[in-house]
Amino acid sequence: MGLRLYNTLTRKTEEFKPRGDTVGIYTCGLTVQGPPHVGHIRSAITRDILIRWLEYSGYTVKSIENFTDIDDKIIEKQRKNKEDWRIIAHRHIEKYLRACDILNIKRATFYPWASQHMEEIIVLVKKLIDKSFAYEKKGDVYFRVRKFPNYGRLSKKSIDELISGARIAPAESKEDPLDFALWKAAKPDEPSWLSPWGKGRPGWHIECSAMSMHYLGESFDIHTGGEDLIFPHHENEIAQSVAATGKEYVRYWMHNGWVTLGGEKMAKSTGHYFLIEDVLKNYSPNVIRLYLLKTQYRNQIEFSKDRLDEAKAAYSRIKIYVEEFKELPEKIEPLMLGEFTEAMNDDLNTPKALGKIYDLVKKGHEKKSVEIAASIKHYLAVLGFREEVESSGELSYQLIDIILHIRNKLRNEKKYDLADEIRTDLENLGIKLADTKGVSLHRLEDK
RNA sequence: GGCGGUAUAGCCAAGUAGCUAAGGCGGCGGUCUGCAAAAUCGCUAUUCGCCGGUGCAAAUCCGGCUGCCGCCUCCA
């Protein structure tokens, strides 16, 4: 049997059948008003494992992960910090991508930003108005939830429940309290874009429909994200998209569980979280990966030092065994392939797959075998573990930080000769820089 | 209140009807070692939140109860 995935839409594990030759995957990435925490990384690792497994299984994948760089929260932050929203967004995107690189999380095919897709967003809103799924009031545009027949299908909510549960005072200009904003008129001093409804900016949700359809087409295969996005974000995304196109939007919806702290969900809105950059100071990328993969992606994971330490001990047992072998053949027929594959095909059951690796470690101790060691190494690579440079993750993170900091000072002082020299030197090491005002994005190239 | 998820050893975590309930961490004992550490070998759940039911057979299905978590508001 091939890959089976749990689909939130049907609440069942279903056989995966792609629409075409290329599997299209869209991941709801960050709203970048804050730095990435461990919960964000869990989502990223889930996406990473999905893509790695699809590619290992022979599929071609096109993956999109968005950044929502304009929303209420980031505007609030701009006001509070007196810092341009673009700089805030840039900084957090850079931190996120840097952490992903260090953690060996595969890059998506594209990382679109909401602010750079205003045209697509406006066209989509216009289309919804034309089809009378949306209406304009005083520069705001709202989606008519009641007009969309299957509203609530993903989150298993009925419209009546939503009304009784509604806790916020509805905006006065809405026809119905359930309607949600597609476009918001700009208040004074807010970032805004010109639209047929005056100056304004997109509401949350619409950017994902616009960008996913722009890059992947009106219908695509898999949409991933954290469980907390099921409602309202993904519910609204479906409503907008299907209303606009009349077609099926996404076939498989995958949602990962929380990372918890003291049993409660880690979330940036409550200040209840650990930043990934801080975790990387104490634990290597491989240990963090093992910690996350020890639990199946749909279950919640408690974040604690004990759990990380446990993962560290568990990881070193595998590592120590494989390191006994100096030279291992790259091309092999891995042992226990059937069992490993079956575990992964079962909705990416990484805990079970890891169990198979430990079975191999044990067998390897009974009988020293190049085949066994090479098989273990093979599976580690499939699961995205970095080929050592172990424990240097934290150090290189900090070193790059220092180098970029100094280099940006040089750039500010217009000492471009030296800054360029550093850029060339870093590039030779496989670290590519992309300079923008105030910050430098960088990425690690595979060596 | 409505909806959804979850409950397996000291801790973490697979297993959704049928061989002895994976695997990891920890603990205990042995091997190795000048000692220690590391490594390694062995042991570590007659039992799967509670109560009842259906099966020849249930952790796995059905009904009820309880605990925990989440969503219904921004959230990965």
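Letters go in sequence order (proteins before strands), and every chain restarts at 1. Nothing here was measured: the structure is a model prediction, and the numbers come from that model.
Considering only heavy atoms from C-beta on, A:L54 comes within 4.5 Å of A:L3 through its side chain.
Scanning atom types as modelled, no donor and acceptor separated by under 3.5 angstrom connect the side chain of A:E227 and the base of B:G70.
Taking atom P in both B:G4 and B:U40, the straight-line distance is 47 Å, to the nearest Å. Atom name P, nucleotides B:A7 and B:U16: the rounded distance is 13 Å, in whole Å. Comparing the C1' positions of B:U73 and B:G27 gives a spacing of 46 Å, expressed to the nearest Å. Here the separation of B:C41 from B:C32, taken at their P atoms, is 15 Å to the nearest Å. Using atom C1' as the reference point in both B:U47 and B:G5, the two lie 25 Å apart (nearest Å). Taking atom C1' in both B:U66 and B:G52, one finds a spacing of 15 Å when rounded to whole Å. When the P atom is used for both B:A22 and B:A14, the distance is 15 Å, rounded to whole Å. Taking the P atoms as reference points, B:G1 lies 40 Å from B:C56, given to the whole Å.
Counting only N and O atoms by type, the side chains of A:Q240 and A:S209 include a donor and acceptor under 3.5 Å apart.
Ion pairing between a basic and an acidic side chain is recognised when a charged N comes within 4.0 Å of a carboxylate O; A:D72 and A:R201 show such pairing. Remark: A:D278 engages A:K281 in a salt bridge, criterion side-chain N to carboxylate O under 4.0 Å.
Among the atoms of the strands shown, only primed sugar atoms or phosphate atoms (P, OP1, OP2) are found under 4.0 Å from some heavy atom of A:R11. Within 4.0 Å of A:D359, counting heavy atoms only, lie sugar-phosphate atoms of the nucleic acid but no base atom. Using a 4.0 Å heavy-atom criterion, one finds that A:G29 contacts the sugar-phosphate atoms exclusively. Across all strands shown, A:E264 has heavy atoms under 4.0 Å from sugar-phosphate atoms exclusively, and none from any base. Within the nucleic acid shown, A:D309 has no heavy atom closer than 4.0 Å to any nucleic acid atom. Using a 4.0 Å heavy-atom distance criterion, A:H37 is classed as a base contact. Across all strands shown, A:K362 has heavy atoms under 4.0 Å from sugar-phosphate atoms exclusively, and none from any base. A:G225 comes within contact range of the sugar-phosphate backbone alone, with a heavy-atom separation under 4.0 Å but no base atom that close. A:Q33 comes within 4.0 angstrom of nothing in the nucleic acid, heavy atoms only. Within 4.0 Å (heavy atoms only), A:V259 reaches at least one base atom of the nucleic acid. Across all strands shown, A:I230 has no heavy atoms under 4.0 Å from either base or sugar-phosphate atoms.
The aromatic rings of A:W113 and A:F67 lie perpendicular to each other, with more than 60° between the two planes, well past the 30° mark. Taking the six-membered ring where the residue is Trp, A:W193 and A:W85 present perpendicular rings, their angle passing 60° and hence far from 30°.
One can place CG of A:L292 at 20 Å from P of B:G24, the figure rounded to the nearest angstrom.
Proximity of A:N349 to the phosphate of B:A13: no side-chain N or O atom is located under 4.0 Å from OP1 or OP2. The phosphate of B:U40 (OP1 or OP2) has no side-chain N or O of A:K363 nearer than 4.0 angstrom. Using a 4.0 Å cut-off, some side-chain N or O of A:T31 falls inside it from OP1 or OP2 of B:A76. Dashed line: the shortest gap from a side-chain N or O of A:R317 to OP1 or OP2 of B:G24 is under 4.0 Å. Phosphate contact (OP1/OP2 of B:C71, side-chain N/O of A:K265, threshold under 4.0 Å): present.
Not a single donor-acceptor pair under 3.5 Å links the side chain of A:E207 to the backbone N or O of A:T68.
B:G30 has its base anti relative to the sugar, with a glycosidic angle deviating from 0 by more than 90°.
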